[in-house]
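Below is one structure; the comments refer to it alone.
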Amino acid sequence: MPRKNMKKILVTGATGQIGSELTIELRNRYGKDNVIAAGHKRKPGGKLLDSGPFEHIDVTEKENIAKIVKKYDIDTIYHLAAVLSAVGEENPQLAWRVNMDGLYNILEVAREHGLAKVFWPSSIAVFGLKAPRVNTPQDAVLIPRTVYGVTKVAGELLCNYYYSRFGLDVRSVRYPGVISSETPPGGGTTDYAVEMFYEAIKKKHYVCFVKEDTVLPMMYMPDCMKAAIDLMEADALKINHHTSYNVTAMSFSAGELTAEIKKYIPDFKCEYKPDFRQRIADSWPMSIDDSVARKEWGWRPSYDLASMTKDMIEKLSKRFAESKL
Ligand code: SER
């Protein structure tokens, strides 16, 4: 196959919540040896190691990234390595270093080596109290409350700059909370929506760190991967936004999620004890207007609260049952 038709993909943050599943999905689509997983702190799981190449990369070290890009002749990067919102508030300096230096290094390596495309996830965390919280539009005032949000706003602007100044094809979506069964998220504000499932199945009891009536936009992992891949596969002529696209799949309160889980585990009890993450959740949108993504590149999620809950319960129950054997 001629080089120009071949994709050689690097996934940073491949041991994380999104990376651990997206890497496998990309390997299924483009061939296992064409997708290089890279991780830093978390130990890679068996599936990631057995299904293709794995490399250690600290994204704050540019030469680290350049070495791997050259070694595998990479032309596309999914740059997922990041510090999330709650950990970011505990260590803003670390969040800045990993999120900003990391993205800058990726963009510079991509520019210097003439890479074809970069995917980088932004977040609903770019919004703050000056943006409408219901049906938050694509173009709203971006004054976030968290350092994580600050790095996402600055990152969006930097991606757009690399596109207009250097012609680098960077594409991005603003993810809502992501719910998944394979790898737990690490240090975000929307983590309660994942933890609730694990604890409901394991202990029938969960202490939730946001209030019962806290509503946030969310998305199930299959749709999260679909958003990234559909956007990266879309015809360049359709992509008119190189900051980041609003995308969403559902919105629900913590109480509504509890009620949905109770349909499968009737004696599940959830207590609500809000901590510092409540203040973060209160500054984020409750629902998102993603009509621009729908119109420009055909974004369509598949899962709602009911179908996501059913699938999560099935997958986690099966996994826990097997691990007890
Ligand atoms: N899920 C992320 C967080 O809670 C938001 O992008 O930090």
Side-chain angles (χ1 to χ4, degrees), residues 12-13 16-22 41-42 78-92 94-96 98-100 102-103 119-128 131 133 136 140 142 144-156 159 172-198 208-211 214-221 223-225 227-228 243-254 257 274-288 290 293 301 308 312:
T12 71
Q17 183 196 16
I18 299 176
S20 58
E21 294 199 50
L22 183 60
K41 286 265 160 67
R42 276 193 195 180
Y78 285 73
H79 174 44
L80 308 179
V83 169
L84 296 186
S85 59
V87 171
E89 285 316 285
E90 281 160 356
N91 193 342
L94 176 75
W96 182 265
V98 173
N99 296 1
M100 288 320 303
L103 176 62
F119 175 82
W120 172 76
S122 184
S123 161
I124 53 164
V126 293
F127 300 109
R133 290 192 66 213
T136 309
L142 305 180
R145 182 176 259 179
T146 60
V147 70
Y148 173 72
V150 171
T151 65
K152 290 296 184 189
V153 175
E156 286 191 7
C159 289
S172 175
V173 294
R174 292 171 179 151
Y175 279 128
V178 174
I179 298 170
S180 66
S181 59
E182 187 68 32
T183 307
T189 301
T190 55
D191 293 14
Y192 66 88
V194 182
E195 288 172 8
M196 197 184 286
F197 281 99
Y198 278 74
C208 183
F209 58 75
V210 296
K211 289 188 281 185
T214 304
V215 177
L216 285 171
M218 300 277 176
M219 183 180 285
Y220 194 33
M221 184 56 84
D223 285 329
C224 169
M225 297 193 288
T243 48
S244 193
Y245 285 98
N246 279 6
V247 287
T248 191
M250 58 189 106
S251 277
F252 52 77
S253 68
L257 179 60
D275 66 14
F276 73 100
R277 289 168 281 193
Q278 183 70 49
R279 191 164 177 275
I280 301 177
D282 288 345
S283 73
W284 286 356
M286 294 192 277
S287 59
I288 293 284
D290 60 4
M308 176 275 292
M312 278 292 282

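In listed order, ligands and their atoms are each counted from 1.
At the top of the distance list for atom 7 (O) of ligand 1, counting protein heavy atoms only, stands Ser85 OG, 2.6 Å. Ranking the protein heavy atoms by distance from atom 6 (O) of ligand 1 puts Ser123 OG, 2.6 Å first.
Counting all heavy atoms, side chain and backbone alike, Ser251 lies closest to Met286 at OG-O, 2.6 Å.
Aromatic ring pairs are classed by plane angle as parallel below 30°, tilted from 30° to 60° and perpendicular above 60°; the pair Phe209 and Tyr192 is perpendicular.
Taking every non-hydrogen atom of Trp284 and a distance limit under 4.0 Å, the qualifying atoms of ligand 1 come out as 3 (C), 4 (O), 5 (C), 7 (O). In the vicinity of Tyr148, heavy-atom distances shorter than 4.0 Å reach the ligand 1 atoms 5 (C), 6 (O), 7 (O). Under a 4.0 Å criterion applied to the non-hydrogen atoms of Leu84, ligand 1 contributes the atoms 7 (O).
Looking at ligand 1, you'll find an N or O of Thr190 within less than 3.5 Å of one of its N or O atoms. Between Thr189 and ligand 1, an N or O atom pair is found at a separation short of 3.5 Å.
For the atom pair CD1 of Ile124 and OG1 of Thr136, the computed distance is 8.5 Å after rounding to the nearest 0.5 Å. Note that the OH atom of Tyr245 and the OG atom of Ser172 stand 10.0 Å from one another [nearest 0.5 Å].
Using a cutoff of 4.0 Å between basic side-chain nitrogens and carboxylate oxygens, Arg174 and Glu156 are scored as salt-bridged.
There is a side-chain donor-acceptor pair under 3.5 Å between Thr189 and Ser85.
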